Asks: 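Dumping the structure here so I can ask a few things about it.
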Amino acid sequence: ECLEHNHTLILSSRFSIYPGKPAAFDEVADIVHTDDFFHGNHRAIYQLMLDFHSRNEQVNIASVSSLARDKGLIETIRGVTYLGRLVDGV
């Protein structure tokens, strides 16, 4: 079921992108699923992060934004600036 305004999920996605905490995503990926996000851009960002996680690759703003561009999803995720805002906690 979707959790409409669950700040824990947003913080989980923010925490996982943050470069200083590589192990954080391992814990989050086991319990948070794409469908847990209400907003489509958050679902898309999280799915991109899962793609990297499944390949044991680093999840960060550069890698997520690059993959979003490659998949034609940069507008869906609301751009690189939005990813930066997530990391900054805005």
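Just so it is clear, the structure is predicted and the values come from calculations on it, not from any experiment.
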Asks: Output the distance between atom CG (Leu83) and atom CE (Met49), rounded to the nearest 0.5 Å.
Replies: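 If we round to the nearest 0.5 Å, Leu83:CG and Met49:CE are 9.5 Å apart.
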Asks: Could you tell me whether His42 and Tyr82 have their ring centroids closer than 6.0 angstrom?
Replies: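 Between His42 and Tyr82, the centre distance is under 6.0 Å.
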Asks: Side chains of Arg69 and Val80: closer than 4.5 Å at any heavy-atom pair?
Replies: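 A side-chain contact exists here, since the closest heavy-atom pair is under 4.5 Å.
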Asks: Of the non-hydrogen atoms in Gly84 and Ile61, which two are nearest, and what is the gap between them?
Replies: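 Answer, listing the atom of Gly84 first, then Ile61: CA-CD1, 4.0 Å.
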Asks: Looking at side-chain heavy atoms only, is the closest gap between Asp51 and Lys71 below 4.5 Å?
Replies: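 With C-beta onward as the side chain, the pair touches.
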Asks: To the nearest 0.5 angstrom, please state how far the CD atom of Gln47 sits from the CD1 atom of Ile77.
Replies: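 Gln47 CD to Ile77 CD1: 13.0 Å, rounded to 0.5 Å.
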Asks: Are the side chain of Ser66 and the backbone N or O of Ala62 linked by a donor-acceptor pair below 3.5 Å?
Replies: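 Not a single qualifying donor-acceptor pair exists.
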Asks: When you measure from the side chain of Arg43 to the backbone N and O of Thr34, does any donor-acceptor pair fall under 3.5 Å?
Replies: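 Judged by distance alone, no pair lies under 3.5 Å.
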Asks: Can you check whether Asn41's main-chain N or O pairs, donor with acceptor, with Tyr46's side chain at less than 3.5 Å?
Replies: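 Between the backbone of Asn41 and the side chain of Tyr46 there is no qualifying donor-acceptor contact (under 3.5 Å).
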Asks: What's the separation between atom OG in Ser65 and atom CG in Leu73, rounded to the nearest 0.5 Å?
Replies: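 Nearest 0.5 Å value for the OG-CG distance: 12.0 Å.
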